[in-house]
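Sequence positions, counted from 1, serve as the residue numbers for this chain. All values below were derived from every heavy atom in this structure, side-chain atoms included, with hydrogens, water molecules and symmetry-related copies excluded.
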Amino acid sequence: MAGFGQPAEPCPCGGERYANCCEPFHLGKVRPVSAEQLMRSRYSAYSRDLIDYLIETHPSELPQAQRRQALKASNRGVRWTRLRITATEAGEAGDLTGTVTFEAHYRQAGHTNVLRECSRFGRQGEVLEGRWLYLDAEA
């Protein structure tokens, strides 16, 4: 399957090997158990251009085709180079919400940039089977 790595390849999120870190989430074998795991797996999905995973982990009222097109356009020409988690609040297995503050380093059009964000995550009971979802970014 395109976009998936070799067993010894490092994970884009800075964790261990990709095969033991974010790949199981991307393949749907397991679900993230914390907001930070979901955030890291979403960063890795951006890094690997796994648009379907990004759509699955972010609820939206927009039509899926429109979301796919927008995500592809915003990620075109971007090379994600490093993730640095600077803070987390709640977002563990027993929580319903959590935040992850991070710096995502990337290169685009020959320039090095840093995206700084405090992302909000949530999970909702039986409807979503308790799985974590990206909600939005705090101002």
Side-chain angles (χ1 to χ4, degrees):
M1 177 178 247
F4 296 98
Q6 300 300 317
E9 184 178 0
C11 192
C13 81
E16 52 189 85
R17 295 184 338 229
Y18 177 62
N20 296 334
C21 191
C22 290
E23 186 178 43
F25 303 133
H26 295 160
L27 293 174
K29 292 181 177 179
V30 295
R31 290 187 178 152
V33 296
S34 70
E36 183 177 339
Q37 276 188 341
L38 179 60
M39 193 272 131
R40 288 180 172 280
S41 69
R42 284 180 53 81
Y43 173 86
S44 292
Y46 272 104
S47 168
R48 296 178 159 280
D49 209 27
L50 301 175
I51 303 301
D52 288 338
Y53 185 80
L54 296 170
I55 290 171
E56 290 168 12
T57 57
H58 180 203
S60 176
E61 298 294 319
L62 294 174
Q64 200 172 61
Q66 183 179 348
R67 295 175 66 204
R68 180 172 278 104
Q69 183 179 0
L71 282 165
K72 283 184 178 184
S74 70
N75 208 37
R76 189 173 294 121
V78 176
R79 187 170 66 86
W80 298 96
T81 58
R82 183 169 62 97
L83 174 66
R84 182 173 166 254
I85 304 294
T86 58
T88 59
E89 185 176 321
E92 295 299 324
D95 298 320
L96 294 178
T97 63
T99 62
V100 180
T101 305
F102 66 92
E103 296 176 350
H105 298 253
Y106 65 99
R107 289 193 53 82
Q108 185 176 31
H111 301 321
T112 300
N113 302 290
V114 179
L115 168 68
R116 291 177 177 88
E117 182 174 299
C118 179
S119 294
R120 288 186 334 111
F121 297 87
R123 56 190 201 143
Q124 301 178 0
E126 294 178 29
V127 174
L128 299 172
E129 298 175 354
R131 71 182 170 131
W132 285 100
L133 295 172
Y134 168 76
L135 300 177
D136 57 22
E138 289 186 344

Shortest non-hydrogen contact from [X] toward [Y]:
X: Y43; Y: A104; value: CE1-CB, 3.9 Å
X: S60; Y: R67; value: CB-NE, 3.3 Å
X: T97; Y: A90; value: O-CB, 3.4 Å
X: S74; Y: V78; value: O-CG2, 3.7 Å
X: R120; Y: T99; value: CG-CG2, 4.0 Å
X: Y106; Y: T81; value: N-OG1, 3.7 Å

[atom1]-[atom2] distance between [X] and [Y], expressed to the nearest 0.5 angstrom:
X: Q64; Y: L71; atom1: CD; atom2: CG; answer: 10.5 Å
X: S41; Y: E23; atom1: OG; atom2: CD; answer: 12.5 Å
X: E36; Y: T88; atom1: CD; atom2: OG1; answer: 5.5 Å
X: T101; Y: M39; atom1: OG1; atom2: CE; answer: 10.0 Å
X: C118; Y: D136; atom1: SG; atom2: CG; answer: 9.5 Å
X: L54; Y: S44; atom1: CG; atom2: OG; answer: 10.5 Å

With [X] via side chain to side chain contact (heavy atoms under 4.5 Å, CB included) - residues at least two apart:
X: V33; result: Q37
X: D52; result: E56, R68
X: S47; result: P12, W80
X: C21; result: C11, C13, E16

- State plainly whether one hydrophobic cluster holds both Y53 and V30, where clusters connect Ile, Leu, Val, Met, Phe, Trp and Tyr through side-chain heavy atoms under 4.5 angstrom apart.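 Same hydrophobic cluster.
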
- Message: Are L115 and L38 linked, directly or through intermediate hydrophobic residues, by side-chain heavy-atom contacts shorter than 4.5 Å (ILVMFWY only)?
- Response: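 Yes: a chain of side-chain contacts under 4.5 Å links L38 to L115.
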
- Query: Under the ring pair (Phe, Tyr, Trp, His ring centres under 6.0 Å) test, which residues partner Y134, sequence neighbours left out?
  - Reply: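 For Y134 the ring pair (Phe, Tyr, Trp, His ring centres under 6.0 Å) partners, ignoring immediate neighbours, are H58, F121.
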
- Task: Kindly indicate, with the supporting measurements, whether the criterion side chain to side chain contact (heavy atoms under 4.5 Å, CB included) is fulfilled by R40 and I85.
- Result: CA-CA 9 Å; R40 288 180 172 280; I85 304 294; 3.3 Å; yes

- Query: Can R48 and Y18 be said to form a side chain to side chain contact (heavy atoms under 4.5 Å, CB included), step by step?
  - Reply: CA-CA 11 Å; R48 296 178 159 280; Y18 177 62; 3.3 Å; yes

- Scan residues 74-99 for pairs that pass salt bridge (charged side-chain N to carboxylate O under 4.0 Å, His left out), counting only residues two or more places apart or in two chains.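 Every salt bridge (charged side-chain N to carboxylate O under 4.0 Å, His left out) pair that includes a residue of residues 74-99, provided the two are not neighbours, is R84-E103.
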
- Query: Going by distance alone, is a donor N or O of one side chain under 3.5 Å from an acceptor N or O of the other, for R107 and T112?
  - Reply: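 On atom types as modelled, these side chains qualify, holding a pair under 3.5 Å.
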
- Query: So, S119 and E117: side-chain donor and acceptor under 3.5 Å apart, yes or no?
  - Reply: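 Yes, E117 and S119 have a side-chain donor paired with an acceptor closer than 3.5 Å.
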
